Colleague: 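I'd like to ask some things about the structure below.
In this chain, numbering begins with 1 at the start of the sequence shown. In this text, all values refer to a predicted model and were calculated from it rather than measured experimentally. As a basis for the values below, the full set of heavy atoms in this structure was taken, side chains included, without hydrogen atoms, waters or symmetry mates.
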Amino acid sequence: MIRTFRLSGTDLDVSELGIGTWGLGGPLEVGGYALGWTAVQEEEAIAILREAAERGVRFIDTSDMYGAGRAETLIGAAVPRTVAVATKGGLLPEFLPGTTTLRRRFDAGHLAAAVDASLRRLRRECIDLYQLHGPDAATIRAPETAETVEGLVRQGKVRYLGVSLRGKSVTHEEIEACAHAAWVRTVQVTLNVFRQERLPDLDWLRRAGKTPILRSVLGHGLFARKRSAGEFGVDDHRSRKVTAASIAASAMLLDRVATTLGAEDVASVLLRWARAPDVNQIVLVGVTRLAQLNATIGAFEAPPLSHEQLCAVGALGRELSSSGLDGATPHPGAGRTQTTDGK
Ligand SMILES: NC(=O)c1ccc[n+]([C@@H]2O[C@H](COP(=O)([O-])OP(=O)(O)OC[C@H]3O[C@@H](n4cnc5c(N)ncnc54)[C@H](OP(=O)(O)O)[C@@H]3O)[C@@H](O)[C@H]2O)c1
C-alpha cells in the first residue's frame, strides 16, 4: 500500500508517491531548444495514469507547459476525481529577448486566463493545487501575488496554492519567502543524491506548515540505469544536457550504490532514499512506461531503507559531487552536513 496523508492546512488526502507528467506531455520546442521529452503513445500515457490511480497514487503533478497542455489533456481524459491534481502556471513557452531564459508572468490577467485554460484541459471545475511555476523570492513575497492567487481561490477555480521553485538556481531566500507566505501550502524543489543542498530546508518548511514536494529524484532518469549520450532523441531535453562527464558520474554512482548496498535495482534504492516514511512529503517520479510505474510503486511499497543505508547512499552522493562529479547538473556540492533524517 502506498502511504497517504492529509496535506497540511488542507482537506486533500494525497499519497507520498506522486506521478510527474512532464515526460507524458511529450515534445516541446522553444526557439530551437528541446524542453520536452520524446512522445509517448496516447494509449500508453492513459494506461499509466489510470493504473497509477488504481494502485493508490493520489497525487499527479503537471503544468500547462508540459507538451504545451498535452499532459493536462491526458489527465483530463484519464485521472479520476479521487486523485488530487496539481498543475502550474506562469511559465511561458518563449525566451526573454536575447536569452534562453523562459519568460514568466504571474500577473492577474495572465494567471486568470491560464487557470481557465488548464480547467478546460483537465475537465475539472476546480484545480486541487495550483503552483506558481518558478517565481523568484520577490514575486513570492509581493502582496499583489497573494492578492492574485487568493482571488483564484475566492472565485472557486483553485482550492489550494503552492510554489514550484526553479531547478538549478533555487536559493534559501526563495525557500524563506515560501515559508513566510500564508497562501503557500506546498513547495516543490529538486532533490536527489547529487542535489542534496535543499535537504536542511525540508524540516524547516514542514515546521512552517508547508509540505515539501521533491522532484527529479532519479536525475531525469540519468541515475536510473547506465546511459550513453547518443541514446536521447533530439526532442528529449536530456540530449542537450548530458555530457560525457555526467554520464560517467551517473555510472559511478550506480556502481557504487550497487556494491555498497549489494543492490540489484539501484533505481529502487534511489527512490527509497528520497522517501521519508515518518514525515509528510510528496516524492514525484516521472514515468513514461507502465513497467516504470510498476517498478516505482514497488519501491514505495517496499520497506524503507535502514538509517545506515540512508546515510551510506547520502554520503556516496556527497562524496561524488564534492569530488567534482555530478550526474545531471553542475552545482556546488562540497561540504554539506548530514541532516536529522539520515540523508
Ligand atoms: N520546474 C518544475 O516545476 C519541475 C521541473 C522538473 C520536474 N518537475 C516534475 O517532477 C516530475 C519528475 O521529474 P523528472 O521527470 O525530471 O525526473 P525523474 O523522476 O528523476 O526521472 C524520470 C525518468 O526516470 C526514469 N524512471 C522513472 N521511474 C523509473 C524506475 N522505476 N526505474 C527506472 N527508471 C525509471 C525514466 O527515464 P527513461 O524514460 O529515460 O527510462 C523517467 O523518464 C516531472 O514529471 C514533473 O512533474 C517539475
Side-chain angles (χ1 to χ4, degrees), residues 6-14 18 21-22 25 58-66 68-69 71-73 75-76 79 81 83-94 96 101-166 170-171 173-189 205-206 208-213 215 282 284:
R6 177 66 50 101
L7 199 65
S8 178
T10 77
D11 61 357
L12 289 180
D13 291 321
V14 296
T21 61
W22 184 16
R58 291 289 171 270
F59 190 85
I60 302 281
D61 178 78
T62 190
S63 163
D64 58 6
M65 278 284 282
Y66 297 166
E72 289 185 332
T73 302
I75 291 168
V79 175
R81 303 296 157 111
V83 178
V85 170
T87 192
K88 313 186 192 88
L91 188 63
L92 274 70
E94 60 190 65
L96 292 171
T101 302
L102 287 168
R103 197 162 161 231
R104 290 173 164 83
R105 279 188 62 184
F106 301 106
D107 57 282
H110 174 73
L111 289 182
V115 163
D116 284 346
S118 288
L119 283 169
R120 278 194 297 278
R121 288 188 290 263
L122 291 167
R123 299 193 211 168
R124 292 194 172 206
E125 296 71 46
C126 187
I127 293 166
D128 295 311
L129 180 71
Y130 196 68
Q131 305 162 97
L132 297 190
H133 204 158
D136 58 16
T139 304
I140 299 163
R141 282 195 294 256
E144 309 83 68
T145 305
E147 213 170 285
T148 297
V149 293
E150 283 166 353
L152 297 168
V153 176
R154 277 195 302 276
Q155 289 164 39
K157 295 182 175 185
V158 165
R159 295 179 73 192
Y160 301 107
L161 297 155
V163 169
S164 183
L165 291 171
R166 281 167 291 186
V170 53
T171 61
E173 197 193 353
E174 287 166 354
I175 298 271
E176 208 165 26
C178 290
H180 291 304
W183 55 271
V184 173
R185 304 275 183 219
T186 59
V187 182
Q188 191 181 132
V189 291
L205 278 172
R206 274 187 286 265
K210 321 296 181 189
T211 301
I213 301 179
R215 65 166 186 246
I282 297 169
L284 294 180

Colleague: Should Asp136 and Arg104 count as an ion pair when the cut-off is N to O under 4.0 Å?
Modeller: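 Between Arg104 and Asp136 there is no salt bridge, as every charged N stays at least 4.0 Å from the carboxylate O atoms.
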Colleague: What's the verdict on side chain to side chain contact (heavy atoms under 4.5 Å, CB included) for Ile140 and Leu165, showing C-alpha distance, side-chain angles and the deciding distance?
Modeller: CA-CA 10 Å; Ile140 299 163; Leu165 291 171; 3.9 Å; yes
Colleague: Please name the pair of heavy atoms, one in Ile127 and one in Leu119, separated by the smallest distance, quoted to 0.1 Å.
Modeller: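 So the two residues come closest at CG1-CD2, 3.6 Å.
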Colleague: Check Lys157 against Asp116 and note the closest heavy-atom contact, atom names and distance.
Modeller: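 Closest pair (atom of Lys157, atom of Asp116, distance): NZ-OD1, 2.8 Å.
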Colleague: Roughly how far apart are Thr186 OG1 and Leu129 CG, rounded to 0.5 Å?
Modeller: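 Atom-to-atom, Thr186:OG1 and Leu129:CG are 4.0 Å apart.
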Colleague: Thinking salt bridges, do Arg141 and Glu173 make one under a 4.0 Å N-O criterion?
Modeller: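 Salt bridge flag = yes for Glu173 with Arg141.
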Colleague: Compare all side-chain heavy atoms of Arg185 with those of Arg159 and state whether any distance is below 4.5 angstrom.
Modeller: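 No, their side chains stay 4.5 Å or more apart.
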Colleague: Regarding Arg121 and Thr87, do their side chains bring together a donor and an acceptor under 3.5 Å, going by distance alone?
Modeller: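 Not at all, the side chains of Arg121 and Thr87 share no donor-acceptor pair under 3.5 Å.
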Colleague: Between Arg58 and Asp13, does a side chain to side chain contact (heavy atoms under 4.5 Å, CB included) hold up when you go through it step by step?
Modeller: CA-CA 7 Å; Arg58 291 289 171 270; Asp13 291 321; over 6 Å; no
Colleague: Would you compute the distance between atom NE2 of His180 and atom NZ of Lys210 and round it to the nearest 0.5 angstrom?
Modeller: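 These two atoms lie 9.5 Å from each other.
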Colleague: Do Ser8 side-chain atoms and Gly209 backbone N/O form a donor-acceptor pair below 3.5 Å?
Modeller: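 Yes, the answer is positive, given that a donor and an acceptor are paired below the 3.5 Å cut-off.
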Colleague: Between Val14 and Ala84, which heavy-atom pair has the shortest distance, and what is it?
Modeller: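 Distance-wise, the nearest heavy atoms are CG1-CB, 4.1 Å.
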Colleague: Looking at Asp128 and Ala86, would you say the former's side chain and the latter's main chain have a donor-acceptor pair under 3.5 Å?
Modeller: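 Judged by distance alone, no pair lies under 3.5 Å.
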Colleague: Return the CG to CG distance between Leu284 and Asp61, rounded to the nearest 0.5 Å.
Modeller: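 Separation between the atoms: 4.5 Å.
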Colleague: Taking it one step at a time, do Leu132 and Val184 satisfy side chain to side chain contact (heavy atoms under 4.5 Å, CB included)?
Modeller: CA-CA 10 Å; Leu132 297 190; Val184 173; over 6 Å; no
Colleague: Measuring from Glu176:CD to Leu205:CG, what's the distance to the nearest 0.5 Å?
Modeller: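 So the CD of Glu176 and the CG of Leu205 are separated by 10.5 Å.
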Colleague: Within the structure provided, determine whether Arg6 and Asp11 are in side-chain contact (heavy-atom separation under 4.5 Å).
Modeller: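 Contact flag for Arg6/Asp11 side chains = yes.
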Colleague: What's the shortest heavy-atom distance between His133 and Phe106, and which atoms?
Modeller: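 Taking His133 first and Phe106 second, the nearest heavy atoms are O-CZ, 3.6 Å.
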Colleague: Would a 4.5 Å heavy-atom cut-off, applied to side chains only, mark Ile75 and Thr21 as touching?
Modeller: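 The answer is yes, as the side chains (C-beta and beyond) meet within the 4.5 Å cut-off.
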Colleague: Under 3.5 Å, is there a donor-acceptor pair between the Lys88 and Tyr66 side chains?
Modeller: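 Side-chain D/A pair, Lys88 to Tyr66: present.
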Colleague: Quick check: do Glu174 and Val189 have side-chain heavy atoms less than 4.5 Å from each other?
Modeller: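 Counting from C-beta outward, Glu174 and Val189 never come under 4.5 Å.
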Colleague: Between CG of Asp64 and CG of Leu122, what distance do you get to the nearest 0.5 Å?
Modeller: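 Separation between the atoms: 9.5 Å.
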Colleague: Go through the steps for Val170 and Val187 under the test side chain to side chain contact (heavy atoms under 4.5 Å, CB included), then give the verdict.
Modeller: CA-CA 11 Å; Val170 53; Val187 182; over 6 Å; no
Colleague: Are there more than 12 heavy atoms of other residues, nucleotides or ligands under 6.0 Å from atom CD of Glu147?
Modeller: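 No, the 6.0 Å shell around CD holds no more than 12 heavy atoms from other groups.
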Colleague: Whether the Glu72 and Ser118 side chains hold a donor-acceptor pair (N or O, under 3.5 Å, no angle test) is what I'd like checked.
Modeller: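 Side chains of Glu72 and Ser118: pair found under 3.5 Å.
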Colleague: What is the minimum heavy-atom distance between Gln131 and Ser164, and which atoms define it?
Modeller: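 Of all heavy-atom pairs spanning Gln131 and Ser164, the closest is CB-N, 4.2 Å.
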Colleague: First locate atom CE of Met65, then atom OG1 of Thr62, and finally report the distance between them rounded to the nearest 0.5 Å.
Modeller: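 It comes to 11.5 Å.
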Colleague: Are the side chains of Leu7 and Ile282 in touch, meaning some heavy atoms are under 4.5 Å apart?
Modeller: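 Touching, per the 4.5 Å side-chain cut-off.
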Colleague: For Thr145 and Trp183, which heavy atoms make the closest approach, and how far apart are they?
Modeller: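 That would be CG2-CZ2, 3.9 Å.
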